[in-house]
Amino acid sequence: AGTGMLDSGVRALAREPSGGLLVAGSRGSIVRRVEGRWERLPTAPALVTAVLRDRSGRLWAGTENGGLMRVDANGSREHFSGSPETGGGSVYALLEDALGRIWVGTSHGLMRAQDDRLLPAPDRDHSLGQRSVLSLLLGPQGHLLVGTEGGLFTSRQPVAAAADPDLAFEAIEPALSSASISRLLLDREGQLWIGTVSQGLYRRSGELLDAIDTRSGLPNNRVLALFEDREGNRWVGTNGGLGRLGAAPFSTLSRRHGLADDFVRSVLELPDGGLLVGTSRGLRRLNGHGV
């Protein structure tokens, strides 16, 4: 579609602080759209699973089995291995906190990029262990939510306020202790949406935890994208298409409605209110509630 990507598969979409759009995916491709133009950025060593432009202008790209890549403003590149012992490692999530630190969810656990190294994140009580970390979210009070292959955890203190030796995590949502938490979203109403690899979607509202799955109208129980648009619609990317949860029950968009593919991996809102949907076979723009 003229983006300059090496392959049509899209796994990650992200907004830059300056307003540009980052698109990344198969074969390590990363491209940027700004002022109507597509610009090809340095290629990562493997399929890109997560991408982030931090406030200081550095580009971060997490990969599948290829560790983490950082591109500095001067163009120099740094590659971080997920494990000094085994090399490689997969990166599933990237997050920048209020202090500008980069937290990294990997196949070797929660890590933090420090200087030119990728180090295990402080975890005083070893609550997280070496569980694969699939999703990260900074809560409204600055607590770090960590979605793992074995449940959901939160930092006991705001991560920007806790001294490293004191930073501790604890498990929350006991009903999800065996679930793989693929995506996290905090909506404007303060509800926490929890996407899973095989058990569908959960919504935490107050003290209530509601399950939403294919029996409730979810297109598929494998959730790989969560997004809330400016109108308050929640969009859920699954292996069976894109679901929209608004005031009415779920409506679903799939290849039959014009999506490039049913395997939806990422969703992002454009400045004009349209949605950009990344799939295994390319991008589609949604105008309003249709393709």
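We number each residue from 1, following the sequence as shown.
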Student: Kindly work out whether a path of hydrophobic side-chain contacts (I/L/V/M/F/W/Y, heavy atoms less than 4.5 Å apart) joins Phe153 to Leu95.
Tutor: yes
Student: Is Leu218 close to Val223 at the side-chain level, that is, under 4.5 Å between some pair of heavy atoms?
Tutor: yes
Student: Is atom CD of Glu170 surrounded by more than 12 heavy atoms (other residues, nucleotides or ligands) closer than 6.0 Å?
Tutor: yes
Student: Determine whether a donor-acceptor pair (N or O, by modelled atom type, separation under 3.5 Å) exists between the side chain of Thr106 and the backbone of Gly109.
Tutor: yes
Student: Tell me whether Asp54 contacts the main-chain N or O of Ser56 through its side chain, where contact means a donor paired with an acceptor under 3.5 Å.
Tutor: yes
Student: Between Arg285 and Asp272, does the salt bridge (Lys or Arg N to Asp or Glu O under 4.0 Å) criterion hold? Intermediate values first, please.
Tutor: CA-CA 11 Å; Arg285 176 194 168 96; Asp272 62 5; 2.4 Å; yes
Student: Which atom names give the shortest non-hydrogen contact between Gln114 and Leu119, and what distance separates them?
Tutor: OE1-CD1, 3.3 Å
Student: Is there a side chain to side chain contact (heavy atoms under 4.5 Å, CB included) between Arg37 and Arg32 once you walk through the steps?
Tutor: CA-CA 8 Å; Arg37 296 178 294 103; Arg32 176 177 183 249; over 6 Å; no
Student: Any link between Leu68 and Leu52 through a network of hydrophobic side chains (Ile, Leu, Val, Met, Phe, Trp, Tyr) touching at under 4.5 Å?
Tutor: yes
Student: Indicate yes or no for a side-chain donor-acceptor contact from Glu39 to the backbone of Val34 under 3.5 Å, with no hydrogens or angles considered.
Tutor: no
Student: Looking at Asp164 and Arg112, is there a salt bridge between them, counting it only when a charged N and a carboxylate O are closer than 4.0 Å?
Tutor: yes
Student: Do the side chain of Arg183 and the main chain of Leu201 share a donor and acceptor less than 3.5 angstrom apart?
Tutor: no
Student: Leu22 and Trp38: same hydrophobic cluster, using ILVMFWY side-chain contacts below 4.5 Å?
Tutor: no
Student: Any luck finding a side-chain donor-acceptor pair between Asn221 and Ser198 under 3.5 Å?
Tutor: no
Student: Taking Glu78 as the fixed residue, which of Arg70, Arg58, Met69 is the one that meets the side chain to side chain contact (heavy atoms under 4.5 Å, CB included) rule?
Tutor: Arg70
Student: Ala61 and Ala44: which non-hydrogen atoms are nearest, and at how many Å?
Tutor: CB-CB, 4.5 Å
Student: Side chain to side chain contact (heavy atoms under 4.5 Å, CB included) for Thr196 and Tyr202? Distances and angles first, verdict last.
Tutor: CA-CA 8 Å; Thr196 72; Tyr202 292 83; 3.9 Å; yes
Student: Side chain of Thr63, backbone of Gly67: donor and acceptor closer than 3.5 Å?
Tutor: yes
Student: Which residue is it: Thr238, Asn239, Thr49? I am looking for the one with a side chain to side chain donor-acceptor pair (under 3.5 Å) to Arg265.
Tutor: Asn239
Student: Where the side chain of Gln157 meets the backbone of Asp166, is there a donor-acceptor pair that is under 3.5 Å apart?
Tutor: yes
Student: Counting only heavy atoms not in Arg117, do more than 12 sit closer than 6.0 Å to its CZ atom?
Tutor: no
Student: Looking at every heavy atom in both Arg53 and Pro17, which two are closest together, and how far apart are they?
Tutor: O-CD, 3.5 Å
Student: Do Leu152 and Leu110 belong together in a cluster built from hydrophobic side chains that touch within less than 4.5 Å?
Tutor: no
Student: Glu189 and Arg234: salt bridge (Lys or Arg N to Asp or Glu O under 4.0 Å), yes or no, with the steps?
Tutor: CA-CA 12 Å; Glu189 297 175 4; Arg234 292 88 178 190; 3.6 Å; yes
Student: For the hydrophobic clusters of this structure (ILVMFWY residues joined by side-chain heavy atoms under 4.5 Å, transitively), does one cluster hold both Ile172 and Ile194?
Tutor: yes
Student: What's the verdict on side chain to side chain contact (heavy atoms under 4.5 Å, CB included) for Val51 and Leu94, showing C-alpha distance, side-chain angles and the deciding distance?
Tutor: CA-CA 7 Å; Val51 66; Leu94 295 170; 5.6 Å; no
Student: Can I get a per-line list of side-chain donor-acceptor pairs under 3.5 Å for residues 131-147, giving both atom names and the distance, sequence neighbours left out?
Tutor:
| residue | atom | partner | partner atom | Å |
| --- | --- | --- | --- | --- |
| Arg131 | NH1 | Ser127 | O | 2.8 |
| Arg131 | NH1 | Leu128 | O | 3.1 |
| Ser132 | OG | Ser107 | O | 3.2 |
| Ser135 | OG | Ile181 | O | 2.9 |
| His143 | NE2 | Arg156 | O | 3.4 |

Student: What is the minimum heavy-atom distance between Asp123 and Gly129, and which atoms define it?
Tutor: OD2-N, 3.7 Å
Student: Between Arg215 and Asp213, is a salt bridge (Lys or Arg N to Asp or Glu O under 4.0 Å) present by the stated rule, with each step listed?
Tutor: CA-CA 5 Å; Arg215 293 169 296 183; Asp213 56 20; 2.7 Å; yes
Student: Quick check on Asp125: does its CG atom have over 12 non-hydrogen neighbours (other residues, nucleotides or ligands) under 6.0 Å away?
Tutor: yes
Student: Is the backbone of Arg55 close enough, under 3.5 Å, to the side chain of Glu96 for a donor and an acceptor to pair up by distance?
Tutor: yes
Student: Not counting sequence neighbours, which residues clear side chain to side chain donor-acceptor pair (under 3.5 Å) with Arg101? List them please.
Tutor: Asp97
Student: Measuring only between side-chain heavy atoms, which start at C-beta, is Gln191 closer than 4.5 Å to Arg203?
Tutor: yes
